[in-house]
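Every heavy atom of this structure was used, including side-chain atoms; hydrogens, water molecules and symmetry mates were not. All residue numbers in this chain count up from 1 along the given sequence. Just follow the structure's listing: the first ligand is 1, and inside any ligand the first atom is 1.
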Amino acid sequence: MSSLSLADVFRARQRLAGRVAHTPLVESPSLSSLAGVPVYLKLETAQPTGSFKVRGATNALAEIAQSGVRRVVTASTGNHGRALAYAARALGIEAAVCMSSLVPKNKVDAVAALGARILISGRSQDDAQVQALRMAQEEGYAFVAPFDDLRVIAGQATIGLEILEALPDAATLVVPLSGGGLFSGTAFAAKGIRPDLRAIGVSMARGAAMHASLAAGMPIAVEEVETLADSLGGGIGLENRYTFAMTNDLADEILLVDEPSIARGIVHAYRQERLIAEGAAAVGIAALLEWRIAAGHGPIVIVVSGANIDMDAHRRIVMENADA
Ligand SMILES: *Cc1c(COP(=O)(O)O)cnc(C)c1O
């Protein structure tokens with residue numbers, strides 16, 4: 001497979017049926033009245049592992065298991081590792097997850113609870129990736145990349161199918177963007193069905209590797225720093241094969257939001273939507289609250305990508321932003 005087709009996405013959907021959630025798409029009255037057009041939230045927070053990553057991991061592992069592989073390894077900012085561990089356990093496959101010391105403890109614990117082998121290496125997602133690739137080479141694990149893998153992208157793309165089935169007249173998609181598996185998959189499927197749709201990627205201002213790479217015209221390294229949107233941390237890989245080109249083709253716009261804005265997104269999700277959203281998942285709401293999303297001609301759909309925030313950190317953010 002050298003590029004993705006819509007048929008791959010429909011096949012992924014069949015594989016995922018019964019294994020991952022078909023998540024709710026709910027209208028937000030407060031964001032709708034703010035934007036002047038209906039605004040819907042696609043709640044990947046409702047997935048069994050608390051993030052959309054279970055879609056891509058499950059699709060990749062279902063394919064890998066058919067070829068008789070019994071051990072898989074990955075590098076992760078937390079959610080992909082948890083998703084892979086979950087999917088591996090369901091298929092009776094052994095999973096190892098390499099993470100950096102930047103990954104929050106709640107996420108490491110969640111991966112461990114699923115029975116995966118945990119390896120903490122270095123201070124960046126790139127360090128964790130080196131470790132995972134070494135294990136693939138030396139210990140015979142099959143490597144499943146967190147985003148730059150067509151099986152993973154096809155799994156995430158099922159979000160685009162679900163959105164358009166529920167809301168055929170959606171006009172604008174707003175999608176959190178890090179390595180670009182979520183964005184390129186969702187936008188690929190949605191634009192494949194509705195080419196006139198507008199797709200906006202949103203990253204955090206601190207260490208937005210895809211944004212910097214697109215500006216440079218090639219994948220470049222960006223220093224990884226702490227951010228409320230920890231699931232958006234890490235590079236896109238200097239040897240990026242798919243998501244750089246796909247994001248370049250599919251993105252109508254990429255927005256960056258700063259830390260106070262992400263905090264406002266988390267607080268809005270909590271107070272107005274009664275939702276626990278992690279920082280990475282709140283960037284779309286944050287961008288809308290900043291009036292950065294021009295209301296087009298029809299409904300806006302914001303992908304709320306995950307719920308896996310440390311609850312003490314969440315409480316602090318809500319307390320410190322009482323008037324947000
Ligand atoms: C991984 C992740 C993202 C970004 O996905 P990419 O495919 O790396 O762009 C966004 N939100 C959450 C909650 C994630 O776990």
How does [X] reach ligand 1, if at all, at less than 4.0 Å between non-hydrogen atoms: by side chain, backbone, both, or neither?
X: E278; answer: side chain
X: L182; answer: both
X: T243; answer: neither

Flag for T172-R198: side-chain donor and acceptor within less than 3.5 Å: yes
Quick one: look up the protein heavy atom nearest atom 5 (O) of ligand 1 and list residue, atom name and how far away it is. F52 CZ, 3.5 Å
For atom 8 (O) of ligand 1, find the nearest protein heavy atom and state the residue, atom name and distance (0.1 Å precision). G179 N, 3.0 Å
Using a 4.0 Å cut-off to any heavy atom of G306, which atoms of ligand 1 qualify? 13 (C)
Which atoms from ligand 1 have a heavy atom of N79 less than 4.0 Å away? 13 (C), 14 (C), 15 (O)
Less than 3.5 Å between some nitrogen or oxygen of G181 and one of ligand 1, yes or no? yes
Test your reading of the structure: does S305 have an N or O sitting under 3.5 Å from an N or O of ligand 1? yes
Going by an N to O cut-off under 4.0 Å, is there a salt bridge joining D109 and K105? yes
Minimum non-hydrogen distance to atom 15 (O) of ligand 1, winning option of Q47, M210, H80, K53: K53
So for A281, does at least one of its heavy atoms come nearer than 4.0 angstrom to any atom of ligand 1? no
